[in-house]
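Below, chains carry the letters A, B, ... as their sequence lines are ordered, and counting in each starts from 1.
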Protein chains: 2
Amino acid sequence: MRNTEQKSVILEVLQTHKDHPTADQLYSEVRERLPKISLGTVYRNLEKLSSSGVIMKLELGGNQKRFDPNPMDHYHFRCITCSSIEDLPQDLKVDLPDINSETRSNRVILGTTLEYYGYCEECAANKILN
Amino acid sequence: MRNTEQKSVILEVLQTHKDHPTADQLYSEVRERLPKISLGTVYRNLEKLSSSGVIMKLELGGNQKRFDPNPMDHYHFRCITCSSIEDLPQDLKVDLPDINSETRSNRVILGTTLEYYGYCEECAANKILN
DNA sequence: AATATACTAGTAATAGTTATCATTAAGGAG
DNA sequence: CTCCTTAATGATAACTATTACTAGTATATT
Ligand SMILES: [Mn+2]
Ligand SMILES: [Mn+2]
Ligand SMILES: [Zn+2]
Ligand SMILES: [Zn+2]
């Protein structure tokens, strides 16, 4: 894996985020620093960075993948109205059962995804006003 | 909501499944009984059936939505090799923390999604052979 | 400096899903 | 049962997110 300016700018821009931007959101921000970059390059590098464990690719509900500068295992809340994704505190850990012993199977478990969904604080407040 | 033959055949076909078919898998099976049905009708009815709580739409990892004849809350395992989705036993319930009190927030929590992923038993066995 | 090749920009292609619209058929009223 | 309103359908186009392709460029190794 070579160190290109594109890759490092994409990573830097992602690391300024506390939320979980989509590829096209990152694309438009990165373009402010590298106006000639192409969307494909953004996707390609996000893929590499996540498969090498530097960042994390989130495949939650909704139709767009999200990218997380924090590759540590943690949980998320997704607002079904505004599509925002919020982090849940990293020390919040649920003790998940061993499904292989429960079901007498020999799967290889690589990980889990736990997502809460509903209305975020802001959207919930807006709903009451209607 | 009117009772059309298309809707009832789609539901019947889905209910024969123990797995979690995609819209196009259901489309090809339904066409054996209703050769003139269109894919849009399948999507439209799956949407209605799930929003009325008869079935469940799954938005897990991977790029296709899956449909589940069982609308009760339960967890799934997803194989990242063959994309199969397996049910975890319905009585397997994890005690999930109240994230609002944890984070002092006023979100409205409508539900959670818990997904295990990895290699299913069959794909895990095949990997050993290579 | 020369070289091999991973990476890029630009663009085309693909896949999944949703929208449009003229036509059909549920199902309630009379 | 017949008429009527309108939800639903089939056919197709449009859309969105993502991936593939390719000739040219830039990285990093020799
Ligand atoms: Mn996160
Ligand atoms: Mn299921
Ligand atoms: Zn919101
Ligand atoms: Zn598998």
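Taking all atoms of both residues into account, the shortest heavy-atom contact from B/A23 to B/L39 is O-CD1, 4.4 Å. What you find for B/L26 and B/F67 is that their closest heavy atoms are CD1-CB, 4.3 Å. When every heavy atom of A/L110 is checked against every heavy atom of B/I80, the shortest pair comes out as CD1-CD1, 3.6 Å. Across A/D19 and A/H17, no two heavy atoms sit closer than the pair OD1-ND1, 2.6 Å.
The backbone N or O of A/L88 sits nowhere less than 3.5 Å from a side-chain atom of A/Y116 that would complete a donor-acceptor pair. Within the 3.5 Å criterion, the main-chain N or O of A/L49 finds no donor-acceptor partner in the side chain of A/K7. Between the side chain of A/E59 and the backbone N or O of B/G62, at least one donor-acceptor pair lies under 3.5 Å.
In this pair, B/H76 and B/H20 present their aromatic rings perpendicular. The plane angle is above 60°, beyond the 30 to 60° band.
Between its opening and closing five pairs, the helix from C/dA1-D/dT30 to C/dG30-D/dC1 changes axis direction by 40°, a value rounded to 10 degrees.
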Test log, rule side-chain contact (heavy atoms from CB on, under 4.5 Å), inputs A/E122 and A/T81: CA-CA 10 Å; A/E122 193 180 331; A/T81 299; over 6 Å; no
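Positionally, the nearest nucleotide of DNA chain D for B/K7 lies more toward the 5' end than for the other of B/K7 and A/R2.
Residues from residues 35-64 of chain A with heavy atoms under 4.0 angstrom of DNA chain D, sorted by number: A/L39, A/Y43, A/N63, A/Q64.
Across all strands, B/Q6 comes closer than 4.0 Å only to sugar-phosphate atoms, never to a base (heavy-atom distances).
Taking 4.0 Å as the cutoff to heavy atoms of chain B, we find the contact window on DNA chain D bounded by D/dT6 to D/dA11.
One atom, CG of A/L34, and another, P of C/dC7, lie 16 Å apart when rounded to the nearest Å. B/Y27 places its OH atom 14 Å from the C1' atom of C/dG16, with the value rounded to the nearest Å.
In this structure, A/R107 satisfies the cation-pi test against B/F77, with its NZ or CZ atom closer than 6.0 Å to the six-membered ring centre and inside 45 degrees of the ring normal.
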